[in-house]
Number of protein chains: 2
Amino acid sequence: MRDTGQVTTSTDTSVEVLTTELRRRGERVTTARLAVAEVLAGTEEHLSAEQIALRAEELRPGIHRATVYRALDALGELGLVTHVHLGKAGTTYHLAGELAQEHQEHLHVRCTECGAVLDVDGKTLDPVRRKLQRDLGFRLDPEHVALLGICQDCSAS
Amino acid sequence: MRDTGQVTTSTDTSVEVLTTELRRRGERVTTARLAVAEVLAGTEEHLSAEQIALRAEELRPGIHRATVYRALDALGELGLVTHVHLGKAGTTYHLAGELAQEHQEHLHVRCTECGAVLDVDGKTLDPVRRKLQRDLGFRLDPEHVALLGICQDCSAS
DNA sequence: CTGCTTGCAAAGTGTTTGCAGGCCC
DNA sequence: GGGCCTGCAAACACTTTGCAAGCAG
């Protein structure tokens with residue numbers, strides 16, 4: 001499949017919203033930040049900082065890895081970008097809920113055997129969240145870490 | 001409080017069981033592995049590899065960091081030692097369930113604001129575990145990662 | 001003795017930081 | 001034009017690995 005660039009994609013929309021949001025908060029809209037935003041808006045995958053840097057480099061050559069980290073950090077502070085810790089497998093980033101178009105809220109579950117990452121209904125941890133809130137006053141962020149275990153295929157073998 | 005060394009502590013028991021288990025499986029019982037085991041048996045804290053290395057060095061000077069990693073890995077393979085991923089805060093190790101004396105099964109919850117780690121009843125994720133098993137055939141390891149969120153104190157401020 | 005384990009040093013990852021110059025607003 | 005952001009390089013924290021010597025069984 002080839003992107004003809006002829007249609008207004010949801011990618012454009014996300015980046016537009018993000019731009020507006022940056023301006024509204026007095027933050028600077030820079031080439032590097034836009035590139036990172038475009039990369040994130042242009043995929044449904046879970047990307048590592050490294051992968052984002054590579055793709056950003058394709059969009060706008062010359063963007064440095066350190067800048068990508070700083071951009072992700074800045075956008076994270078503003079709540080526009082979120083990350084998920086995958087245990088030993090590192091960290092992945094994606095646009096925050098409101099900005100992500102195709103995706104609905106979900107959490108991640110990773111197989112420690114084969115590395116596969118599965119998506120699970122975002123409400124799966126709601127009862128746990130309520131329990132922690134009630135018992136400890138702890139406000140759980142259900143999507144911040146991937147749960148670990150063994151997937152069906154790996155259990156079988 | 002001072003350890004007079006006059007009583008048989010649960011630490012001794014844990015190390016003893018671990019030793020037996022190693023022998024039973026044809027694995028070698030070495031100074032380094034014993035030191036690591038003693039460190040883990042001697043505390044209820046969650047220790048990083050670095051901390052374990054430091055304490056092991058006190059017990060038996062000359063134990064190298066790399067050896068600690070290898071020992072933790074070996075004991076982990078055998079199911080005698082477990083680790084918990086704390087997100088950005090790294091990884092901590094402890095004796096596996098049967099060997100840990102004082103502790104009962106529990107999961108960890110970490111505040112991303114202040115870093116505090118709270119213990120939660122190990123059965124908290126049981127419903128989730130059953131759901132994942134049923135829906136996806138995924139066997140959840142509830143204690144392998146710490147859940148993240150904001151603790152009561154940090155919510156208040 | 002046989003070969004698994006260790007110590008050491010070095011190389012890998014993944015991420016952060018100090019600094020000088022550049023670009024956004 | 002002022003100051004935030006970037007590129008670069010170096011530093012960092014954490015973990016892994018190749019190798020020769022050492023010790024467990």
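In what follows, every chain begins at residue 1, and chains take the letters A, B, ... in the order their sequences are listed.
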Got a sec, which pairs hit salt bridge (Lys or Arg N to Asp or Glu O under 4.0 Å) with one end in residues 15-26 of chain A, sequence neighbours left out?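 Only Glu21(A)-Arg24(A), Glu21(A)-Arg25(A) qualify under salt bridge (Lys or Arg N to Asp or Glu O under 4.0 Å).
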What parts of residues 53-86 of chain B reach DNA chain D, counting only heavy atoms under 4.0 Å away?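 Only Ala66(B), Tyr69(B), Arg70(B) qualify.
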Heavy-atom nearest nucleotide on DNA chain D for Thr91(B) versus Ala32(A): which residue maps closer to 5'?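 Closest to the 5' end, via its nearest nucleotide, is Ala32(A).
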ring-ring contact (aromatic ring centres under 6.0 Å, His included): which pairs involve residues 54-80 of chain A, sequence neighbours left out?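 ring-ring contact (aromatic ring centres under 6.0 Å, His included) check on residues 54-80 of chain A returns no pairs.
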Please determine if a side-chain N or O atom of Lys88(B) lies less than 4.0 Å away from the OP1 or OP2 oxygen of dT16(C).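 So the side chain of Lys88(B) is within the cut-off, an N or O lying under 4.0 Å from OP1 or OP2 of dT16(C).
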Please name all residues satisfying ring-ring contact (aromatic ring centres under 6.0 Å, His included) with His83(A), sequence neighbours left out, ordered by chain then number.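 Applying ring-ring contact (aromatic ring centres under 6.0 Å, His included) to His83(A) gives His85(A), Tyr93(A), His144(A).
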Residues in side chain to side chain contact (heavy atoms under 4.5 Å, CB included) with [X], at least two apart?
X: Leu59(B); result: Glu38(B), Val39(B)
X: Ala41(B); result: Thr11(B), Ser14(B), Val15(B), Leu95(B)
X: Gln51(B); result: Leu47(B), Ser48(B)
X: Thr124(B); result: Val128(A), Lys131(A), Leu107(B), Val120(B), Asp121(B)

Determine yes or no for a side-chain-to-main-chain donor-acceptor pair under 3.5 angstrom, with Arg65(B) supplying the side chain and Ala53(B) the backbone.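 No.
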Under the side chain to side chain donor-acceptor pair (under 3.5 Å) test, residues paired with Thr31(A) that sit two or more places apart: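 Per chain and number, Thr31(A) pairs via side chain to side chain donor-acceptor pair (under 3.5 Å) with no residue.
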Quickly work out the Arg33(A) CZ to dC23(C) P distance and round it to whole Å.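 After rounding, the gap between these two atoms is 16 Å.
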Detail all sub-3.5 Å separations between protein N/O atoms and N/O atoms belonging to nucleotides 22-25 of chain D.
| residue | atom | partner | partner atom | Å |
| --- | --- | --- | --- | --- |
| dG25(D) | OP1 | Val29(B) | N | 3.4 |

Angle between terminal axes - the helix from dC1(C)-dG25(D) to dC25(C)-dG1(D), 5 pairs each end, rounded to 10°: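 End axes: 40° apart.
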Distance-only donor-acceptor hits, side chain of residues 73-82 of chain B, under 3.5 Å, sequence neighbours excluded:
none

